[in-house]
Amino acid sequence: MRALVTGGAGFIGSHLCEALAARGEKVFVLDDLSTGRFENIEHIPGLECIIDSTMNQEIVRDLVREVDVVFHLAATVGVQLVVNDPIHTIKNNIWGTEVVLEETCRYRRKLLITSTSEIYGRGSREIFQEDDDRVMGPTNRHRWCYAASKAIDEFLALAYWRQKKHPTVIVRLFNTVGPRQTGRYGMVIPTFVGQALHGEPLTVFGDGKQTRSFTYVGDVVPALVTLMERSEVNGDVFNIGSNTRVSIEELARRVITRAGSRSEIKFVPYEEAYGEGYEDMRHRAPCLDKIRAAIGYEPKTGLDQIIDKVIADVRARMR
Ligand code: UDP
């Protein structure tokens, strides 16, 4: 098998590439290194990395022709990045996916697209099911352009499936975390761990009572590989995540304890953290019934274990 991973130099992409290479697959990566890093994948044997954008249709076409399957992970992600550069976010996420869909359809290559739990928006529910309504904030809150761009990707992929029977599956990833994730673009766990290890205050945004469910990247990657192998999942959308919820304040306390840190917690108003384009959602956890029934998915790694792994990773980088 030969696989193309767009965004393969990123956090989740690099873990996927490792898993594919370990199965003996030939892995090609297409990554513009905007948020990905070559160091994430340079240790993977036999991997070929092409540094370019998914918006470059000729390059995408040449690569798709060479492989059997395509994992499309390349996207502009991270609340900080989205709020700072909504133009690039919208263009990159919509145009890049359009190109990947067109070329994989041309050569009939199975495509897995990673979407996001942001799709559900700020609905008042706490647990989200694939068919739930989506509740988006206003367009002057730039955060929502990310969810809107990924929703267009989903619409487009499902349209390719319906109109052209193009074999595609979509996954909505809920807060996925683990080693190599950077805190630079807003992600909370690497940010808190970095702050705790440097003895700086942990910046809890808002009142800290908002909750999230965090999933270990090592529990997500095998599910992506399995969904690629199964044809009965084509044309469908699946949540992947964990349903153990934690408040952000509690998360901060756990990070401090597990890092053996003396840091304190500092509550930061949202406007101060992200400016005016930001709006948070209170709760977000996945219903996992559908993915469980389809492939027997079950997250295994608990939050404390995840925090320990991230602490070890950040410590190793500080050396
Ligand atoms: N957050 C925080 N401090 C930080 C970064 C994030 O309190 O330094 C909060 C953020 O407001 C949100 C949660 O942590 O409520 C998760 O944020 P993240 O950006 O990791 O993911 P999101 O679920 O918002 O996409």
Side-chain angles (χ1 to χ4, degrees), residues 10-12 35 75-84 86 89 93 114-123 125-128 134-137 141-151 172-178 180-198 200-217 220 239-256 259 261 263-286 303 306-307 310 314:
F11 154 57
I12 302 174
T35 52
T76 303
V77 295
V79 171
Q80 188 75 65
L81 211 59
V82 168
V83 172
N84 287 352
T89 303
N93 291 358
T114 49
S115 183
T116 167
S117 57
E118 283 271 319
I119 284 274
Y120 295 109
R122 58 172 189 191
R125 285 167 173 273
E126 299 192 3
I127 294 177
F128 292 96
R134 300 178 300 115
V135 184
M136 293 294 120
R141 300 274 166 177
H142 293 303
R143 177 192 184 130
W144 301 112
C145 80
Y146 173 63
S149 69
K150 297 299 272 190
R172 292 185 186 151
L173 301 180
F174 285 65
N175 299 67
T176 303
V177 291
R180 296 191 202 128
Q181 185 176 37
T182 162
R184 226 175 309 150
Y185 313 108
M187 279 73 165
V188 69
I189 290 193
T191 303
F192 281 178
V193 168
Q195 291 166 333
L197 293 181
H198 287 100
E200 296 162 3
L202 273 68
T203 51
V204 171
F205 300 161
D207 64 6
K209 305 268 181 290
Q210 69 273 36
T211 66
R212 292 292 187 275
S213 58
F214 295 95
T215 319
Y216 183 56
V217 64
V220 170
N239 287 339
I240 298 185
S242 139
N243 34 33
T244 323
R245 280 178 281 167
V246 64
S247 76
I248 298 303
E249 183 182 358
E250 164 64 15
L251 174 71
R253 295 198 191 290
R254 287 227 222 162
V255 169
I256 289 171
S261 164
S263 291
E264 293 179 346
I265 290 177
K266 180 179 167 203
F267 289 89
V268 179
Y270 286 123
E271 311 78 68
E272 212 176 288
Y274 287 121
E276 279 189 0
Y278 184 73
E279 189 170 39
D280 205 10
M281 62 275 293
R282 290 304 275 176
H283 306 289
R284 195 166 65 192
L303 183 60
I306 295 175
I307 293 171
V310 176
V314 175

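Being a predicted model, the structure only gives us computed values, none of them experimental. Here, residue 1 is the first one in the sequence, and each next residue gets the next number. Both counts, for ligands and for their atoms, begin at 1 and track the order of listing. All heavy atoms count here, side chains included; hydrogens, waters and symmetry mates do not.
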Trainee: If the condition is side chain to side chain contact (heavy atoms under 4.5 Å, CB included), which residues does F267 pass it with, not counting sequence neighbours?
Mentor: V204, E249, I265
Trainee: Establish, yes or no, whether a centroid distance under 6.0 Å links the rings of F174 and F128.
Mentor: no
Trainee: For the residue pair V82 and C145, establish whether any side-chain heavy-atom pair is separated by less than 4.5 Å.
Mentor: yes
Trainee: Tell me every residue that passes side chain to side chain contact (heavy atoms under 4.5 Å, CB included) with N243, counting only those two or more places apart in sequence or in another chain.
Mentor: L288, R292
Trainee: Could you go through ligand 1 and note, for every N or O atom, any protein N or O atom closer than 3.5 angstrom, writing the atom names and distance to 0.1 Å, or 'none'?
Mentor:
| unit_1 | atom_1 | unit_2 | atom_2 | d |
| --- | --- | --- | --- | --- |
| ligand 1 | 3 (N) | T203 | O | 2.6 |
| ligand 1 | 7 (O) | F205 | N | 2.7 |
| ligand 1 | 8 (O) | T203 | O | 3.4 |
| ligand 1 | 8 (O) | T203 | OG1 | 3.2 |
| ligand 1 | 11 (O) | Y278 | OH | 3.0 |
| ligand 1 | 11 (O) | D280 | OD2 | 3.3 |
| ligand 1 | 15 (O) | Q210 | NE2 | 3.1 |
| ligand 1 | 15 (O) | D280 | OD1 | 3.4 |
| ligand 1 | 15 (O) | D280 | OD2 | 2.7 |
| ligand 1 | 19 (O) | G186 | O | 3.3 |
| ligand 1 | 20 (O) | V188 | N | 2.8 |
| ligand 1 | 21 (O) | N175 | ND2 | 3.2 |
| ligand 1 | 23 (O) | N175 | ND2 | 2.9 |
| ligand 1 | 23 (O) | R212 | NE | 2.6 |
| ligand 1 | 23 (O) | R284 | NH2 | 2.6 |
| ligand 1 | 24 (O) | R143 | NH2 | 3.1 |
| ligand 1 | 25 (O) | R284 | NH2 | 3.2 |

Trainee: Would you tell me whether Y270 and D280 have side-chain atoms, one donor and one acceptor, within less than 3.5 Å of each other?
Mentor: yes
Trainee: Please identify each residue that fulfils side chain to side chain donor-acceptor pair (under 3.5 Å) with Y120, with sequence neighbours left out.
Mentor: R172, N239
